[in-house]
Structures are given as structure tokens and as C-alpha cells.
Amino acid sequence: MFAITAPDTRGRILDCGAGPASFNAEATAEGHRVVSCDPLYRFSADQIRTSVEEASVTLLANVEENTNRFVWDRMGSLDRLREIRLGAMDRFLEDLPTGLEQGRYREDALPHLDFADGEFDLALCSHLLFLYSDTFSTGFHLAAIREMCRVSGETRVFPLLGAYGEPSPHLDPVIRHLRKLGYRVERRKVPYEFLRGANEMLAVTRL
Ligand SMILES: C[S@@+](CC[C@H](N)C(=O)[O-])C[C@H]1O[C@@H](n2cnc3c(N)ncnc32)[C@H](O)[C@@H]1O
């Protein structure tokens, strides 16, 4: 999703809106330095499991009704998708108690992050901005990306489409505004594509 390379993993990484995913657990096990933040982390492991399992029923039913909106060459099948999603959640939940103790999971919610300026080298945000274009305003998107840029050298956001694969109405205004404020903004193609057409990330750096 983020075309991450070996040099990217040498610095400190912040994952915003990280959710019940296994990125932090897997990266930490490989010796990388990752902090994940999400308002979800104020709930207990049991509460998170129940809510993710419930939400995945709706999500998978939705995918099943719209299979042609997705690219299946890597994911394979709906069963495999369920297995991957719930497997990632299991890995995350196993890691959560230790990660909370070590300060690797934090409750921060965009657009306000409780970190110092430049504390990270790379900030990531997947499946939150642009995807939920109906929920969040252009102003929210702009504030969230500027906040990620405040705390990190580079910010990457994936995907750039709305939940139905439609162009996000926020994308062009956000890019224009960021450039006007002096940020360098690039749309970059990435190797990952599950929602058809969602194969680009936004890479933003402070000049
Ligand atoms: C669809 S999930 C994406 C999780 C993960 N990034 C992934 O790609 O699998 C969206 C996540 O954004 C979190 N979220 C919602 N509002 C947020 C906010 N204001 N700041 C940070 N995270 C938020 C939700 O709790 C949820 O875990």
C-alpha cells in the first residue's frame, strides 16, 4: 500500500488510524520502530474482537455483493480475505498488551497527535482518509495530513479513492491547498490494489 522500502524501515514509523491490523506486531518482531495510534485502543481486547468480528460480517457481505469492484489475483477468494483479516486481528490482539505497555499503541485521534515535531521519519495512514470521504470534510483531511507532517519527515496516505471506488471530492482541494502552503505533494502508484483502481498513495513532505 505504501511501497515501503528497506531505507523507509530504518527510521521511526507512525501508523495513524492503524486499527486492528498486524503491521506494528510484525514490524516490531523484525526489529523496526513503529508506533500505532487509533481511538480504538481505548477499548479492551474483548471489546475490539467483538466489534471487529461484527463489522467483518457486514464488510464481507458488502464485498460479496460487489465482487467485480475488487481485484482478486492476490487475495484469491472471500474465504481467504476473511482469514487474512481475522488473522491480522489475532496477531494484533496478541501484541496489544505488550504494545500498550511499551507505548507502541496510543489512543491519539487525528487531527491531533500528542507527539513532538519531527518525532517520526514516516507517518502512514491507510483506509481512513479519502476512503471515508462522506464522513470527513476537506478541512479535516487537510488538518490531519498537516498534523502527520508536523510529527514526521514524510507522510503517506492510501488509498485516494472513496469507499465505492469513486474519486474523492477532497483529493484535489487538499493537494492544491498543501502545495500553496509549501508542502511537496506527489501521487505515486503502488503495487497493491484490492479495491479496483485504488493503486495510488499520496506522499507529502514539508519543504
Ligand atoms: C478501516 S480502519 C483501517 C485500519 C488500518 N489502517 C487498515 O488499513 O487496515 C479505519 C480506522 O480508523 C480509525 N479512526 C477513526 N477515526 C479516526 C481518527 N480521527 N484518527 C485516527 N484514527 C481514526 C478507526 O478506529 C479504524 O480503526
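For the single chain, residues carry numbers from 1 onward in sequence order. First listed ligand is number 1; within each ligand, the first listed atom is number 1.
Here the two rings, on F158 and Y192, have centers that are under 6.0 Å apart.
Looking only at heavy atoms of the protein, atom 25 (O) of ligand 1 is closest to D38 OD1, 2.7 Å. Given atom 8 (O) of ligand 1, the protein heavy atom at minimum distance is S126 OG, 2.6 Å. Looking only at heavy atoms of the protein, atom 5 (C) of ligand 1 is closest to A18 O, 3.2 Å. The nearest heavy-atom contact from the protein to atom 10 (C) of ligand 1 is H127 O, 3.5 Å.
Less than 4.0 angstrom separates some heavy atom of Y132 from each of these atoms of ligand 1: 1 (C).
No salt bridge links R10 with D121; every basic N to acidic carboxylate O contact stays at or beyond 4.0 Å. A salt bridge is absent between R85 and E83: the closest approach of a Lys/Arg side-chain nitrogen to an acidic carboxylate oxygen does not fall below 4.0 angstrom. Salt bridge annotation for E107-R42: absent, with no cationic side-chain nitrogen under 4.0 angstrom from a carboxylate oxygen. Using a cutoff of 4.0 Å between basic side-chain nitrogens and carboxylate oxygens, R188 and E200 are not scored as salt-bridged.
Across L128, L59, I48, L124, heavy-atom proximity to atom 12 (O) of ligand 1 is greatest for L128. Comparing heavy-atom distances from atom 23 (C) of ligand 1 across P39, P111, A55 singles out P39 as nearest.
For R49, the side-chain hydrogen bond (donor to acceptor under 3.5 Å, both in side chains) partners at least two apart in sequence or on another chain are D90.
Residue-to-ligand polar distances place L110 within reach of ligand 1: an N/O pair is separated by less than 3.5 Å. In terms of polar-atom proximity, G17 is counted as a contact of ligand 1, with an N or O under 3.5 Å from an N or O of the ligand.
Connectivity analysis of hydrophobic side chains (ILVMFWY, heavy atoms under 4.5 Å, direct or indirect) links L59 to nothing; its cluster partners are none.
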